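Presented below is the structure to which this report refers.
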Amino acid sequence: MPELPEVETIRRTLATHLVGERLERVEVLHPHFLVGVAADRFARLYAGARVEELGRRGKYLIVRFAAGLPAWLVHLRMTGRLYVRETAPEPGDDPHLHLRARLAGGGWLLLRDVRKFARLYLLAAGPAGGGAEAGAFPLPPGWLRLGPDALGDELTPARLERAFAGRRAPVKALLLDQRLLAGLGNIYSDEALWRARLHPARAGGSLRPAEIRRLWAAIRSLLEEAIDWRGTTFSDYLDGEGFPGGFAIRLQAYGRAGQPCRRCGSRLESLRLGGRSATFCPRCQRRATTGDRVERPRTR
DNA sequence: TGATTCCTGTCC
DNA sequence: GGACAGGAATCA
C-alpha cells in the first residue's frame, strides 16, 4: 500500500516522463475513481492538457497542469497504481484498468486499481493550492484537515509533542492519524515505533519529550531510507515505471510477527489497536518508560 | 473512540 | 468457505 515513501517514489519516477508532456487523449474506462466530475467532462477537460509539475502532500499525489486546469489530487489507497507504459491494454482486456491517457510523445499513462479504492479529485488552482473557496469540485474531507507532511520542515519534535499532549489513544493510532502528521500508514508506523523502541499501545500523552524526539528522528531516518530504496513492495505497490521497491526485505517489524527481532532475538508479537495490526518487539519496545519503569500488576 | 463500509485477491 | 488485509469516511 503506498505510504509516503511509495508516493514520493511514484512522484519522482512519473515526473521524468510526464513533466512537459501532453495528454493527447484521455479515456475513462471505469469512472469509479473520479469524484465530483463526470467521465466525459473529465476526458474533454484534459484532452491536450500539458503536465507542468508533480507534487506530493502526505500520501496524496498532485499532478499540476498548465493553462489553469485543476490539478489532479490522487490518492492510491491500497492497491492503486499510477504509471507509464509503452503500450496499454485494450479497453475490456484488463478489468482493473480505470484510466488510460495517450501521451503526445508516445506511451500511456495508466491508472489501475484492483480494489477500486483509489480516488482522483480535482484541485482548482488558487492560493495555497486551492482552499475551500476553490469550491468548484469536491475535495476529500481528509485533505482539508491534513497535518504537516511527515518529511516536511513543519513537522518538528515540538509540533509532535503538542499533537500528542493529553492524548490517551495509543501512539500507534496517533501515527496513523493524517491530521497529526501526513504520510504514515501501517507499515511505517510499525517500523518507526520499532526504531524508536516504543510500545505501540503507549498512550500518546505518556511519551516523554526525549521519547518523542526519538520517535521523530526515527520517522525521518526511516522515510528517507525507504525513499532511497524506492519504497516497500509488500504485495501490490509498483512505482511510476512499474518497478517494485526494494525496502520490503529491510522491514524490521511489519509483517514479521512470530519471527525473531533483528535487534534482540525475541519473538515479535502482534496486537490489534484501533482496528489495525501492530507488530512489535516485546523486549525492545517496553510498555513502561525506561529508567523510571514501574511494574503494575495486570488486572484481568 | 470504535465499528462498519468499501473491494477483491490471497491465504488457511 | 471464510477470515484477513487496509486508508479513510461515516456512523453510533
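Not measured: the values here are computed from a predicted model.
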With a cutoff of under 4.5 Å between side-chain heavy atoms, which Ile, Leu, Val, Met, Phe, Trp and Tyr residues group with A/Tyr83? A/Leu29, A/Leu97, A/Trp108, A/Leu110

To the nearest Å, give me how far apart OH (A/Tyr237) and P (C/dG6) are. 18 Å

Taking side-chain hydrogen bond (donor to acceptor under 3.5 Å, both in side chains) as the cut-off, I'd like each qualifying pair that reaches into residues 253-266 of chain A, sequence neighbours left out, listed once. none

Chain A vs DNA chain B, heavy-atom contacts under 4.0 Å, first-to-last nucleotide span, 5' to 3', is B/dT1 to B/dG9

Which pairs count as ring pair (Phe, Tyr, Trp, His ring centres under 6.0 Å) when at least one residue sits in residues 268-287 of chain A, sequence neighbours excluded? A/His199-A/Phe280

Over the length of the helix from B/dT1-C/dA12 to B/dC12-C/dG1, how much do the five-pair end axes diverge, rounded to 10 degrees? 60°

Would you please name every residue forming a side chain to side chain contact (heavy atoms under 4.5 Å, CB included) with A/Ala217, sequence neighbours left out? none

Can A/Asp113 and A/Thr79 be counted as having a side-chain donor-acceptor contact under 3.5 angstrom? yes

Residues that A/Ala210 engages under side chain to side chain contact (heavy atoms under 4.5 Å, CB included), provided they are two or more places apart: none

Identify whether any heavy atom of A/Tyr254 sits under 4.0 Å from a base atom; if not, whether one sits that close to sugar-phosphate; answer base, sugar-phosphate or nothing. sugar-phosphate

Let me check something: any side-chain donor-acceptor pairs from residues 31-47 of chain A under 3.5 Å, sequence neighbours excluded? List them with distances.
| from | atom 1 | to | atom 2 | distance (Å) |
| --- | --- | --- | --- | --- |
| A/His32 | ND1 | A/Lys116 | O | 3.3 |
| A/Tyr46 | OH | A/Pro70 | O | 2.6 |

Find every protein N or O atom lying less than 3.5 Å from an N or O atom of nucleotides 8-12 of chain C, and list the pairs.
| from | atom 1 | to | atom 2 | distance (Å) |
| --- | --- | --- | --- | --- |
| C/dA8 | OP1 | A/His75 | NE2 | 2.7 |
| C/dA8 | OP2 | A/Lys59 | NZ | 3.3 |
| C/dA8 | OP2 | A/Gln178 | NE2 | 3.4 |
| C/dA9 | OP1 | A/Gly142 | N | 2.7 |

Ring centroids only, cut at 6.0 angstrom: are A/Tyr121 and A/Trp72 within range, meaning strictly under it? no

For the pair made of CG in A/Leu76 and C1' in C/dG6, what is the distance, rounded to whole Å? 14 Å

In whole Å, what is the span from the CG atom of A/Leu271 to the P atom of C/dA5? 12 Å

Name all pairs fulfilling the side-chain hydrogen bond (donor to acceptor under 3.5 Å, both in side chains) condition that reach into residues 172-196 of chain A, sequence neighbours left out, sorted by first residue then second. A/Glu6-A/Tyr188, A/Lys172-A/Asn186, A/Lys172-A/Ser189, A/Lys172-A/Asp190, A/Asp177-A/Arg179, A/Asn186-A/Ser277, A/Tyr188-A/Thr232, A/Arg195-A/Ser221, A/Arg195-A/Glu225

Under 4.0 Å, heavy atoms only, any strand: does A/Arg179 hit a base, just the sugar-phosphate, or nothing? nothing

Counting the atoms with a prime plus P, OP1 and OP2 as sugar-phosphate, which does A/Thr79 contact under 4.0 Å by heavy atoms, base, sugar-phosphate, or nothing? nothing

Output all residues satisfying side chain to side chain contact (heavy atoms under 4.5 Å, CB included) with A/Asp228, sequence neighbours left out; order by chain, then residue number. none

Pairing residues for A/Ala203 by the side chain to side chain contact (heavy atoms under 4.5 Å, CB included) criterion, not counting sequence neighbours: A/Ser206

Please report, rounded to the nearest Å, how far the P atom of C/dC4 is from the CZ atom of A/Arg272. 8 Å

